[in-house]
K.L.:
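Input: one structure, supplied below.
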Amino acid sequence: MSGTGPALPGAVAAPGGSAPQRRSGSGDPLDATWSACLPGPEGVLRVWAPGSERVEAVLDGGTREMERAGGGWWRLGVPGAGHGTRYRFSLDGGPPRADPRSGWQPEGIEGPSALVDHGRFEWHDRSWTGGHLASSVLYELHVGTFGEDGTFDGAIDHLDELVELGVDAIELLPVAEASGSRGWGYDGVLLFAPHHAYGGPEGLKRLVDACHLRGLAVVLDVVYNHLGPAGNYLSEYGPYFTDRYHTPWGAAVNFDGPGSDEVRRFVTDNARQWFYAYHLDGLRLDAVHAIHDSGALHVLEELAGVGTEVTDATGRRRWVIAESDLNDPRLVRSPEAGGYGLDAAWSDDFHHALHSVLTGERAGYYEDFGSIGQLAKALGEVYVFGRDWSALRGRHHGRPVGDLPRTRFLGYLQNHDQIGNRALGERSSALMSPGRLAVAAALVVLSPFVPMLFQGEEWGASTPWQYFTDHQDPALGRAVSDGRRREFAAFGWDPAAVPDPQDPATFARSKLDWSERTRSPHREVLAWHRELLGLRRAYQQLRSGDPSRVSVEWSEEGRWLVLWRGSIAVAANLAGERQALPVDGAEVLLLGSDPAGTGLEGGSVSLPADAVAVVGPAAGAAGRGVPRAGGPSC
């Protein structure tokens, strides 16, 4: 069915007042009792704390002892509890803590949790049927820096510009409750609660509703590999973490050890909440290479199954997308073919190959990249390292993707990591010439992948995107600031030149300046992106992920590359002088970064330095497309 989706799933009481349960295979979305604490005439508070001997609910009217409900769960009836009722839990006489599944933290991570009545919000998106990922263009944005006031409502103010640009979906950086009022979002600790500084649960619903009314899908970045350091009390409740694995950011989540059944359920119910209660269209799973699970049914496959479950229950397609540096196509292969069944995965190899060719950078993880041949391989085969030797890693890396549709992968020039992990947070517009920026945009938008833009990229924003935090614990704040400076000092940076993440000015510098869009050169960059996106919409073969309709010709010595998408060619000259590139069969210039300086004649296109042209057959023939043999040219 299509429509608004189910009402509050928690309205289905657990049998006998026990822990939240699902009737396996019933197909009833109301079985997904993701929020253990529910308002209403028969309100109930529930929490999983298997190691505790006594659990108390701390309410405005006092403290009440909870009763065991089996399976490590505790329960307390709170008749008449309503939307906004505050509560906390005390374990074995310890300090009051927020509910691990709290849906709302009006006062932040250290404040009380509040009950959420999801049924009180009036949705207007009944006609929304969901997006089609393979033909979409995604737009990654950070709520705090995207709009002027840094809220969900402030983001709504700029949705019409995104529709006019031609994107199909927004991808929100994490919005789960985290320390302070500003940050990237990857230090979230209360994963079910939209951040109070952004507008809380109803603010997020208003944003999603507004997107759907404009034909935009909404993807949310979620972090299941670790939790942040501040306000993280999950280990007091149960075995949420394990010391058998490690991550660079904190303790690894326990997905395969003792007690992991409820931990896995915590994560899969979190996914259900975003889909059902907030009508989200997709989830982007952060750094899945740091999600460790040795079980026969990997939690990633289980999360993919949640997407399928909700799709079937609501009639709206849901997406589950992974970020990974493993270059492992199992992520997106079907379970029947031995994969996890995720809908798509990010492709950092394409980014690294494109960035290193256009900027000349070779430091850090760009050490493995830099040749036009590698960029050609990324465009044609997705992974540059598909079981190839990696000097950076000192071993062979990756696995070929074979005949998988190329639209199972996202391609991008910029994202929050690739910009913000630089010491000064410089965007591509600060690192390359206008000509090369135009080439990059063409290769991203017209690539065989699902293109993704980062906020402000479409107009070559001059504002940086820097790493910022707002930890309220002074000691933690100092540790983060000092650690950031030490990290870049090891690469030769003057520590004093590295922006302080805790300084509010670092956050302020990273906010978009929307007034730039109407000024040169930003106006021209925006127009170029609109033209590219319009061209992509106009030709089906430019949206196809069929690998048989993709081929690449290139010359390392000549510094040029031609990407063929069926019978349409994207020709890029990266040499320092004008030269002619082979585009046999092309008769019409469809689009060019320098149309006045572009010549098309006799099966070749003449381009000035750092320019790109899109060429194709005469009108009426461009839709046919013919397979072409790719490879290096001399």
K.L.:
Answer yes when D286 and R284 have at least one side-chain N-carboxylate O distance shorter than 4.0 Å, and no when they do not.
P.N.:
yes

K.L.:
Just wondering, are more than 12 heavy atoms of other shown residues or ligands nearer than 6.0 Å to CZ in R399?
P.N.:
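12 or below, so no.
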
K.L.:
Of all heavy-atom pairs between K511 and T463, which one has the smallest distance, and what is that distance?
P.N.:
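Shortest heavy-atom separation between K511 and T463 comes out as O-CG2, 3.3 Å.
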
K.L.:
Is the distance from the ring center of F255 to that of H292 below 6.0 Å?
P.N.:
no

K.L.:
What about the rings of F275 and W319, do their centers lie closer together than 6.0 Å?
P.N.:
no

K.L.:
Output yes when D256 and R244 qualify as a salt bridge under the 4.0 Å nitrogen-oxygen rule, no when they do not.
P.N.:
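A salt bridge is present here (some side-chain N lies under 4.0 Å from a carboxylate O).
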
K.L.:
Is it true that the side chains of D348 and Y365 contain a donor and an acceptor less than 3.5 Å apart?
P.N.:
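There is no such pair between these side chains.
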
K.L.:
Does a salt bridge link E302 with R264, judged by any charged N lying under 4.0 Å from a carboxylate O?
P.N.:
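Salt bridge between E302 and R264, a charged N being under 4.0 Å from a carboxylate O: yes.
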
K.L.:
Would you say the side chain of L138 lies within less than 4.5 Å of the side chain of I170, judging by non-hydrogen atoms?
P.N.:
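No; the side chains remain at least 4.5 Å from each other.
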
K.L.:
Under 6.0 Å between ring centres: does that hold for Y383 and F409?
P.N.:
yes

K.L.:
Rounded to the nearest 0.5 Å, what separation is found between the CG atom of D221 and the CG atom of L285?
P.N.:
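These two atoms lie 8.5 Å from each other.
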
K.L.:
I'd like to know whether the aromatic ring centres of Y467 and W184 sit less than 6.0 Å apart in this structure.
P.N.:
yes

K.L.:
Out of curiosity, L172 CG to L280 CG, how far, rounded to the nearest 0.5 Å?
P.N.:
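Going from the CG atom of L172 to the CG atom of L280 covers 7.5 Å.
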
K.L.:
Identify the two heavy atoms, one from F266 and one from P100, that lie closest to each other, and give their separation to 0.1 Å.
P.N.:
CE1-O, 3.6 Å

K.L.:
Would you check if the distance from the ring center of Y412 to the ring center of W346 is below 6.0 Å?
P.N.:
yes

K.L.:
Just verifying a value: how many Å separate F146 CZ and I156 CD1, rounded to the nearest 0.5 Å?
P.N.:
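So the CZ of F146 and the CD1 of I156 are separated by 11.0 Å.
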
K.L.:
Would you say that N327 contacts D349 through its side chain, given a criterion of any heavy-atom pair below 4.5 Å between the two side chains?
P.N.:
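The answer is yes, as the side chains (C-beta and beyond) meet within the 4.5 Å cut-off.
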
K.L.:
Between F468 and F507, how do the two ring planes meet: parallel, tilted or perpendicular, split at 30° and 60°?
P.N.:
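Correct class here is perpendicular.
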
K.L.:
Side chains of Q455 and W465, heavy atoms from C-beta outward: is any pair under 4.5 Å?
P.N.:
yes

K.L.:
Taking all non-hydrogen atoms of both residues into account, name the closest pair between R408 and L342 and its distance.
P.N.:
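Taking every non-hydrogen atom into account, NH2-O, 2.7 Å.
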
K.L.:
Taking all heavy atoms of I109 and all of A98, pick out the closest pair and write down the distance.
P.N.:
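It is O-CB, 4.3 Å.
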
K.L.:
Which residues pass the salt bridge (Lys or Arg N to Asp or Glu O under 4.0 Å) test with D187, sequence neighbours left out?
P.N.:
none

K.L.:
Report the residue from D500, D503, T506 that forms a side-chain hydrogen bond (donor to acceptor under 3.5 Å, both in side chains) with S481.
P.N.:
D500

K.L.:
Identify whether the distance between the nearest side-chain nitrogen and carboxylate oxygen of R519 and E524 falls below 4.0 Å.
P.N.:
no

K.L.:
One thing to verify: whether E164 and R530 come together as a salt bridge, which I'm taking to mean a side-chain N less than 4.0 angstrom from a carboxylate O.
P.N.:
yes

K.L.:
Testing the basics here: between L424 and Q466, what is the closest heavy-atom pair and its distance to 0.1 Å?
P.N.:
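Taking L424 first and Q466 second, the nearest heavy atoms are O-NE2, 3.0 Å.
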
K.L.:
Side-chain contact test, heavy atoms from C-beta onward, threshold under 4.5 Å: evaluate it for P194 versus Y278 and give yes or no.
P.N.:
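They are in side-chain contact.
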
K.L.:
Got V288 and S324 here, is their nearest side-chain heavy-atom distance under 4.5 Å?
P.N.:
yes

K.L.:
Closer than 4.0 angstrom, basic N to acidic O: yes or no for K377 and D388?
P.N.:
yes

K.L.:
Compare all side-chain heavy atoms of R395 with those of H397 and state whether any distance is below 4.5 angstrom.
P.N.:
yes

K.L.:
How are the rings of W514 and H158 set to each other: parallel, tilted or perpendicular (split at 30° and 60°)?
P.N.:
parallel

K.L.:
Whether D610 and R436 form a salt bridge (side-chain N of Lys/Arg under 4.0 Å from carboxylate O of Asp/Glu) is what I want to check.
P.N.:
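So R436 pairs with D610 through a salt bridge.
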
K.L.:
Checking the side chain of E323 only, and the main-chain atoms of A345 only, is there a donor and an acceptor separated by less than 3.5 Å?
P.N.:
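No, because the side chain of E323 does not come within donor-acceptor range (under 3.5 Å) of the backbone of A345.
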
K.L.:
What is the minimum heavy-atom distance between H529 and E458, and which atoms define it?
P.N.:
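Minimum heavy-atom separation between H529 and E458: ND1-O, 3.2 Å.
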
K.L.:
Can the ring centres of Y186 and H416 be said to be less than 6.0 Å apart?
P.N.:
yes

K.L.:
Less than 4.5 Å apart, side chain to side chain, heavy atoms only: is that true for R517 and E161?
P.N.:
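They are in contact (side-chain heavy atoms under 4.5 Å apart), so the answer is yes.
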
K.L.:
Less than 3.5 Å apart, any donor N or O on the side chain of H355 or E361 sitting next to an acceptor on the other?
P.N.:
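H355 vs E361: donor-acceptor pair found between side chains.
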
K.L.:
With the side chain counted from C-beta on, respond yes when V401 and E381 share a heavy-atom pair under 4.5 Å apart, and no when they do not.
P.N.:
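A side-chain contact under 4.5 Å is absent here.
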
K.L.:
Go through the side-chain N and O atoms of T151 and D153 and say whether any donor and acceptor fall under 3.5 Å apart.
P.N.:
no

